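As structure tokens, the structure follows; a few thoughts come after it.
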Amino acid sequence: MKLLEGKKALIFGIANKNSIAWGIAQTFHEHGAEIGFSYGIPQLERRVRPLAAQIDVEFIEMCDVSSDEEIADLFQKAAGHFGEIDILVHSIGFAPREELAGRYVDTSREGFKIALDISAYSLVALAKAAQPLMPNGGSIVSMTYYGSEKVVPHYNVMGVAKAALEASTRYLAADLGPDNIRVNAISAGPIKTLAAAGVGGFRKMLGYTAERAPLRRNVNQKEVGRTALWLCSDLGSGVTGEVVYVDAGYHILGMPEPPEKWG
Ligand code: NAP
């Protein structure tokens, strides 16, 4: 059974085949969605185009989400191509590399602004731009991480940006709910991607989580994709303003130590 037959999805944040957004795009394609891609920098076009070709994506446009002009331009083009859309995926995050190592207390004003602008405010800007293209309702999904709630070494200002993203999810859900537009976030466990590689000690994070998570492993892009699928299909029709965890259960632990090590 195809869950997204007849639906149109605009996906932001595909950098390469390891991107979480690519896992989502593949799942949406398998379920019959018509998909458009937006990527952030010109250098990525050569990586994004071959992926797009694999799943029949015709709409591929660059958009730096720190620019209101580029966002307006992108949505004008999307309106021309799709008319209306049903789904918006925000899978975007960025903080200057030097902010993702060492202590949070050393965060610079500029680094804070950039991280919050690109990783959190952009969801607000994209949701506002998408609303007119969703006259019959729709579903918006973004990606977050547990470092928004608890201190994770080196995650620093990204944790603060993700906290803002999650709060924005609730405020946007309240604003757009009367138009039948649902807004949710997926809190994914650590996955090896380009963005993740920028977080100091990321390899250690992968090992630490896999050793302790109830499922004793990490999650992958396809598992995030399948959760995005139910959130964006009619299966998720009653769900909005939520943060849904796809983290092999790691977030439920109060004492994250594998029982076999307790003695
Ligand atoms: P990724 O493949 O590197 O994707 C990050 C995307 O953000 C890239 O496509 C990047 O595009 C885009 N981006 C950054 N700045 C941008 C800008 N100014 N304008 C437009 N796009 C911009 O890494 P990912 O891990 O899949 O990240 C996707 C999302 O999942 C992020 O929100 C991330 O925080 C979140 N997440 C990741 C993990 C993990 O462990 N990997 C866990 C939980 C949540 P350009 O490179 O072209 O700028």
Side-chain angles (χ1 to χ4, degrees), residues 3-4 7 9-15 18-31 33 35 37-38 65 86-94 118-120 122-124 126-127 130 138-150 152 155 158-173 176-177 181-196 199 202 205-206 209 213-215 217-252:
L3 294 173
L4 297 179
K7 304 263 189 203
L10 194 49
I11 302 182
F12 286 75
I14 295 192
N18 296 320
S19 294
I20 292 175
W22 175 236
I24 296 172
Q26 287 172 291
T27 311
F28 283 9
H29 173 69
E30 284 160 18
H31 280 267
I35 296 169
F37 280 174
S38 177
V65 297
D86 305 281
I87 298 166
L88 173 73
V89 175
H90 175 288
S91 189
I92 292 170
F94 179 79
I118 295 178
S119 313
S122 63
L123 175 67
V124 184
L126 295 189
S139 177
I140 299 175
V141 170
S142 72
M143 299 301 133
T144 185
Y145 174 62
Y146 188 55
S148 61
E149 298 167 56
K150 303 288 179 193
V152 172
Y155 202 63
M158 258 329 259
V160 176
K162 291 302 190 192
L165 184 81
E166 290 173 20
S168 291
T169 299
R170 293 183 281 274
Y171 277 92
L172 290 170
L176 303 180
I181 297 173
R182 299 181 293 107
V183 189
N184 293 288
I186 296 175
S187 185
I191 299 174
K192 206 172 160 200
T193 63
L194 209 58
V199 180
F202 181 73
M205 228 160 121
L206 277 176
T209 308
L215 295 181
R217 62 174 178 85
N218 286 304
V219 296
N220 61 42
Q221 291 84 340
K222 280 293 195 76
E223 290 179 301
V224 177
R226 289 197 290 271
T227 290
L229 172 66
W230 72 256
L231 279 172
C232 293
S233 71
D234 288 344
L235 295 183
S237 61
V239 181
T240 195
E242 286 299 326
V243 176
V244 178
Y245 297 87
V246 181
D247 67 346
Y250 182 83
H251 75 283
I252 67 166

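The structure displayed is predicted, hence computed values, not measured ones. All heavy atoms count here, side chains included; hydrogens, waters and symmetry mates do not.
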Residues which pass side-chain contact (heavy atoms from CB on, under 4.5 Å) with [X], listed by chain and number, not counting sequence neighbours:
X	answer
N218	P190, L206, T209, A210
E223	R217, V219, N220, R226, V246
T169	L123, S142, V183, A185
A33	L4, F28, I35

So, for [X] and [Y], which heavy atoms are closest and what is the spacing to 0.1 Å?
X	Y	value
A21	G13	CB-O, 3.5 Å
P214	Y250	CD-N, 3.7 Å
A15	L194	CB-CD2, 4.2 Å

With F37, which residues qualify under ring pair (Phe, Tyr, Trp, His ring centres under 6.0 Å), at least two apart?
none
Set of ring pair (Phe, Tyr, Trp, His ring centres under 6.0 Å) partners for Y245, sequence neighbours left out:
H251
Taking salt bridge (charged side-chain N to carboxylate O under 4.0 Å, His left out) as the definition, give me every residue that meets it alongside E149, ordered by chain and number, with sequence neighbours left out.
none
Non-neighbouring partners of [X] that pass side chain to side chain donor-acceptor pair (under 3.5 Å), sequence neighbours left out:
X	answer
T193	none
S148	E166
S122	H90
E242	none

Can you check whether [X] reaches [Y] side chain to side chain, under 4.5 Å on heavy atoms?
X	Y	answer
V152	M205	yes
L3	L229	yes
I118	I92	yes

Apply side-chain contact (heavy atoms from CB on, under 4.5 Å) to M143 and I24, showing your working.
CA-CA 11 Å; M143 299 301 133; I24 296 172; 3.3 Å; yes
Apply the test side-chain contact (heavy atoms from CB on, under 4.5 Å) to residues L88 and F12: give CA-CA distance (whole Å), side-chain angles for both, the deciding distance (0.1 Å), then the verdict.
CA-CA 8 Å; L88 173 73; F12 286 75; 3.5 Å; yes
Please list all pairs meeting salt bridge (charged side-chain N to carboxylate O under 4.0 Å, His left out) that have one or both residues in residues 230-241, counting only residues at least two apart or in different chains.
K7-D234
